[in-house]
Amino acid sequence: MSVDRILDLRTVVTDLARDGLISQEDANLVLGSNRSREESLLHPLTYIGQQKLPNRKLPGKHLDELMLTDWMAEKSKLPLFHIDPMKVPVAEASEVMGYQFAKRHGLLCVGVNREAVTIAVTQPWVRDWENQLAQTVRQVIKTVVCVPSDIEKYRVEFYSLASSVSRAESGGTKSSGVGNFEQLLELGSLKDPEANDQHIVNIVDWLLQYAFDQRASDIHIEPRREISRMRFRIDGVLHSIYEFPATVATAIISRLKILGRMNVAEKRKPQDGRVKTKRPDGSEAELRLSTMPTAFGEKLVMRIFDPDVLLKTFDELGLAGDDYNRWQSMVKKPHGILLVTGPTGSGKTTTLYSSLRALATDEVNVSTIEDPIEMVEDAFNQSQVQHNIDFDFAAGVRTLMRQDPDIIMVGEIRDLETAKMAVQAALTGHLVLSTLHTNDSPTAITRLLDLGIPGYLLKSTVLGIMAQRLVRTLCPHCKKEGQINEKDWESLVKPWKVAKPTKIYEPEGCLECRNTGYLGRQGIYEILMLSEKVQSHITDNCDLNALKQTAMRDGMRTLRLSGAQKVAAGMTTISEVLRVAPPPEKY
């Protein structure tokens, strides 16, 4: 292949056959095939990758586009680069060159810093564009090779987004955002005129689809003085995605408030709303919106609910083995209270919903009182707290008691009145499931005692308590064997002596996991069953440390020990468990 020669199908196929990656028969088959007009416009590597030709150097594998791009990078002596859209500064990258120039030469800017700009190419042997670009950017140009279809895809996405943001900003108000909280109050009654602008609509559509593509669970739009940040929470960790001009972010939030049927004019008070939309695969997705006034405008957070979570088995959620058996033995009791504890975002609601769904047969009446209803499920009756009409958790449980229930789910026990109603429901023959915000399961007992529930009532009603956290699981496609750090392992299992596993794994990073090394999350659990030995410690002057020690002897494993099991099974890492699980206090 000579310099400045365009890479066409015949050239690629000939070189693949010469290098022994495909047979001559396959080469002739590809060259002799009748391509459609759409196929003739594809990059040669993209088209050949679609043919799924056998790789002669790797028996049993097909030549996909990534393998072909790796081959092209090696031949052109250019580095292979994987485009991670979350790490590309889209606004700056799209200003390096115009869209038409990038399209004409098969280019995409994928990196910008003070030293150089990084340009991804689809034609590594054509370099006539370089001098033209060098005169414009006046920086060092680094050339890399990327999968051609990725370049085509992200070129359209990046330039469309940058164009929409630029046009929305130039077509909107010229003010530089809200200067302080007093100005926010003055502007609170003004309706943003750009909320239905086509460019804002395009940005919002991109935002939602991109969040689905990146497996985000939450979207944060956070206002600052001149710009607003957008961040995604992916597998429990926040990632910065984009920075919008303040006026554009205001219009984006207004657009989302319209979709969520919220009061667009009201920017001084927090509001909640819901949006239903479609995922890229056509399935339905539901988002819960929450706004809050801050110093420089409204902050918006959207929680993305995955309806498939309710279809997952307990084993897929991470509740398996002895933990699963202990939990099932409690939820199958005819009456009593079951509590799930943990911070916000630890999967408590998912656990309760999955348990209720398994219990909700035609023979029983399952009812919930929630704030708010997080996921709509046809298998049971759901009610939402309405504080403006004094319909709180306690009032909801009181009403449900007259509805002939068998199983009641209370979203959260926050006060004495709600706790009393839950105890009353359990005493009158109902199974009650609820949540508390405590660090571990034994502390839930002292929390209820502190609220004012007598110890003898807790002994009579509470069946068990489960604390949980979510840990990121290692990507099965790229995880690698690692070394065990003895100090970290001791921190994980302290104060107990637990043998180290023979091998553990570490994150590596690949295309499947967006180069994070982690793919998805699973739960780790600490289940406290109220046996007679444990109940003997539940008094109005409860000794929490003695209760914990007895629970451990009775079979309770701490969150960190539960995490250690998943580390030994090669599912997660020591650092990940230490990140989410609280250290044991005294045992």
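Keep in mind it's a predicted model, so treat the numbers as computed, not measured.
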Closest non-hydrogen atom pair, [X] against [Y]:
| X | Y | result |
| --- | --- | --- |
| Phe296 | Pro223 | O-CB, 3.6 Å |
| Val117 | Val137 | CG2-CG2, 4.5 Å |
| Arg279 | Phe305 | NH2-O, 3.6 Å |
| Lys267 | Val264 | CE-O, 3.7 Å |
| Asn55 | Leu63 | ND2-CD2, 3.6 Å |
| Ile203 | Ser164 | CG1-CB, 3.6 Å |

What do the steps show when you test Met67 against Leu21 for side-chain contact (heavy atoms from CB on, under 4.5 Å), and what is the final call? CA-CA 10 Å; Met67 288 182 181; Leu21 269 75; over 6 Å; no
Looking at [X] and [Y], would you say the former's side chain and the latter's main chain have a donor-acceptor pair under 3.5 Å?
| X | Y | value |
| --- | --- | --- |
| Glu298 | Ile253 | no |
| Lys566 | Gly318 | yes |
| Thr573 | Glu506 | no |
| Glu576 | Gly563 | no |
| Ser40 | Arg37 | yes |
| Thr294 | Lys299 | no |
| Ser562 | Glu526 | no |
| Ser163 | Ser160 | no |
| Glu95 | Glu92 | no |
| Thr291 | Leu300 | no |

Just to verify, what does Ser283 make a side chain to side chain donor-acceptor pair (under 3.5 Å) with, not counting sequence neighbours? Asp281
Side chains of [X] and [Y] in contact at under 4.5 Å (non-hydrogen atoms):
| X | Y | value |
| --- | --- | --- |
| Pro372 | Asp272 | no |
| Thr516 | Pro507 | no |
| Asp128 | His105 | yes |
| Ile48 | Val13 | yes |
| Ser217 | Ile304 | no |
| Ser354 | Thr350 | yes |
| Leu259 | Leu289 | no |
| Gln132 | Phe101 | yes |

Kindly state each residue pair satisfying ring-ring contact (aromatic ring centres under 6.0 Å, His included) with at least one member in residues 226-258, sequence neighbours excluded. Tyr210-Phe232, Tyr242-Phe244
Nearest 0.5 Å, what's the [atom1]-[atom2] distance between [X] and [Y]?
| X | Y | atom1 | atom2 | answer |
| --- | --- | --- | --- | --- |
| Gln123 | Asp8 | CD | CG | 8.5 Å |
| Met86 | Ile234 | CE | CD1 | 4.0 Å |
| Asp150 | Thr46 | CG | OG1 | 9.0 Å |
| Leu45 | Thr69 | CG | OG1 | 5.0 Å |
| Gln271 | Met292 | CD | CE | 13.5 Å |
| Met72 | Cys146 | CE | SG | 9.0 Å |

Test Val110 against Lys87 for side-chain contact (heavy atoms from CB on, under 4.5 Å), laying out the working first. CA-CA 9 Å; Val110 292; Lys87 295 180 180 179; over 6 Å; no
Verdict with supporting geometry, Gln198 and Asn202, side-chain hydrogen bond (donor to acceptor under 3.5 Å, both in side chains): CA-CA 6 Å; Gln198 186 58 46; Asn202 292 339; 3.0 Å; yes
For side-chain contact (heavy atoms from CB on, under 4.5 Å), just list the numbers for Val96 and Leu133, CA-CA rounded to whole Å, side-chain angles, deciding distance to a tenth of an Å, and then say yes or no. CA-CA 8 Å; Val96 169; Leu133 188 61; 4.2 Å; yes
Checking Gln468 against Ser346 for the side-chain hydrogen bond (donor to acceptor under 3.5 Å, both in side chains) test, could you report, in this order, the C-alpha distance in whole Å, the side-chain angles of both residues, the deciding distance, and whether it holds? CA-CA 6 Å; Gln468 69 176 75; Ser346 59; 5.2 Å; no
Hey, is Arg18 close enough to Asp15 for a salt bridge, meaning N to O under 4.0 Å? yes
Take a 6.0 Å sphere around [atom1] of [X] and say whether it holds more than 12 heavy atoms from other residues, nucleotides or ligands.
| X | atom1 | value |
| --- | --- | --- |
| Gln51 | CD | yes |
| Arg579 | CZ | yes |
| Arg10 | CZ | no |
| Glu481 | CD | yes |
| Arg138 | CZ | no |

Please walk me through it: do Arg560 and Val493 pass side-chain contact (heavy atoms from CB on, under 4.5 Å)? CA-CA 6 Å; Arg560 287 195 170 187; Val493 300; over 6 Å; no
Quick one: list whatever passes side chain to side chain contact (heavy atoms under 4.5 Å, CB included) with Glu152, sequence neighbours left out. Arg155
Steps toward salt bridge (charged side-chain N to carboxylate O under 4.0 Å, His left out) verdict (Asp26, Arg56): CA-CA 11 Å; Asp26 284 338; Arg56 295 188 70 188; over 6 Å; no
